[in-house]
Protein chains: 2
Amino acid sequence: MHTVGPRERHRRQTREEILDAALAVISELGAGALNMSEVARRVGLRQPSLYQYFDSRLALYDALFERGMAQHLDRVRAAADTNAPGLPTLRAIVCATIAFTIEQPALTQLLFRPAVPGFEPSEQAYRPSLEVQHLIDAAIAAAIERRELHPAAGSQQGTGLLVALTAGISSLQLGNDQFARPGAGRFLPLVQPAVDMFAAYFAPEKPAAWKP
Amino acid sequence: MHTVGPRERHRRQTREEILDAALAVISELGAGALNMSEVARRVGLRQPSLYQYFDSRLALYDALFERGMAQHLDRVRAAADTNAPGLPTLRAIVCATIAFTIEQPALTQLLFRPAVPGFEPSEQAYRPSLEVQHLIDAAIAAAIERRELHPAAGSQQGTGLLVALTAGISSLQLGNDQFARPGAGRFLPLVQPAVDMFAAYFAPEKPAAWKP
DNA sequence: GTCTATAGGATGATAGAC
DNA sequence: GTCTATCATCCTATAGAC
């Protein structure tokens, strides 16, 4: 990090405002419906001026993706930092992720589902999510270390089950799932039972439950 | 059902061919990228001619949605019919659903995720999925009746957990999920442990596991 | 029912004045 | 850096001949 002049400062602020407007647009119209004119209108610029800040529409998507992933990482990191290592942290991470997807359904479409034809996140934009992955693995490892979970929970299938539960609950929240009961509005209550179920299945004392 | 003349017969066949072409298009370009010109080209017609069979692009989406839901229902029904009632049927339904989403990832986007801006399925197109919902509920009820599951498995949270597991595994398969480990190509093996985990958590003999 | 032709509109992106 | 003007495409949908 090195100091930046007021020029660069203002430029970055404008970039943020554009990203905010872009987020608002996809929140209202869906992740795949981002268009430059609407973003420009909201930020008080003309559409061609946006190209001073982003090279293309897909570049805007990429910046939106990177910022979203970084925000998610912040949430997960905060959850990991303010909870006891092991199972409490794991529970908090799942909870933070579900909460994030509930607060930002449109962003969730962009980050976690292939909903935008033609868009592939760059390696840089994808980077924060690798850190999230690491935090999850570390939490599971800590839980195993503390004998809160069976070592099998650290296997690919073990982490896969936990991740599937997280993604699944988030998926129900998006509401378009055929299985979702009409009127079953709130899925956050599923988080606690989900982690309980996972922890019970990978209980350390009875290794009989898990079959590979 | 009443008999149809050869006219109507040929018309329906052309409709099916158009739907096949449309499915191929979204399979290659993504669920949101359906366009009439490309579909027409593949089916050997000019783009305006499609409007003899579908009133609009969204109507084509709707027909695609309805046929896809009906196909999914067929798979689920077959799973329910060829397995013992209760837990075996439940397991087969989950497995059939995951297999379906693996075979048809693009169709899965359309059916189970809000990936197409502006498209809302009609009530008629949505109808087959209500039947799927009913088959799942019935399988859980049968499993409870046969004392394979605790009655709590039939609660909203219980079915929610099972559905979340199914949707989550399918979500991992789509591959865009941040949590998915690179190289973990096959998620079908997660089905067995997932249902095991669910069944263990809602085991009938020990009602202590589930807390509301 | 299928075609040609085209209306009519939206969009991404660029050129060049200021 | 922001603007006006505009290009170049692409798209859905309709009109009307055959």
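In what follows, every chain begins at residue 1, and chains take the letters A, B, ... in the order their sequences are listed. This structure is a prediction, so every number in the text was calculated from the model and none was measured.
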Trainee: How is B:R11 classified with respect to the nucleic acid when contacts are heavy atoms under 4.0 Å: base, sugar-phosphate, or nothing?
Mentor: sugar-phosphate
Trainee: Start at the 5' end of DNA chain C and walk down; is the nucleotide closest to A:N35 or to B:S49 reached first?
Mentor: B:S49
Trainee: Just call it for B:L34: base, sugar-phosphate, or nothing, with non-hydrogen atoms closer than 4.0 Å on any strand.
Mentor: sugar-phosphate
Trainee: Find the distance B:R57:CZ to D:dT14:P and express it as a whole number of Å.
Mentor: 15 Å
Trainee: Could you tell me whether the phosphate oxygens of C:dT2, OP1 or OP2, come under 4.0 Å of any side-chain nitrogen or oxygen in B:R46?
Mentor: no
Trainee: Rounded to whole angstroms, how far apart are CD on B:Q47 and C1' on C:dG1?
Mentor: 15 Å
Trainee: Please work out if B:Y53 contacts a base, only the sugar-phosphate, or nothing of the nucleic acid, heavy-atom cut-off 4.0 Å.
Mentor: sugar-phosphate
Trainee: Counting only heavy atoms from other residues, nucleotides and ligands, does the tally under 6.0 Å from CZ of B:R11 exceed 12?
Mentor: yes
Trainee: Nearest heavy-atom pair of A:I144 and A:A153: which atoms, and what distance?
Mentor: CD1-C, 4.4 Å
Trainee: Using the side chain to side chain contact (heavy atoms under 4.5 Å, CB included) criterion, which residues pair with A:R12? Sequence neighbours excluded.
Mentor: A:V4, A:E8
Trainee: Distance check needed: C:dG12 P versus A:L50 CG, whole Å only.
Mentor: 10 Å
Trainee: Looking only at atom types and distance, does a side-chain atom of A:T108 sit under 3.5 Å from a main-chain N or O of A:Q104, one as donor and one as acceptor?
Mentor: yes
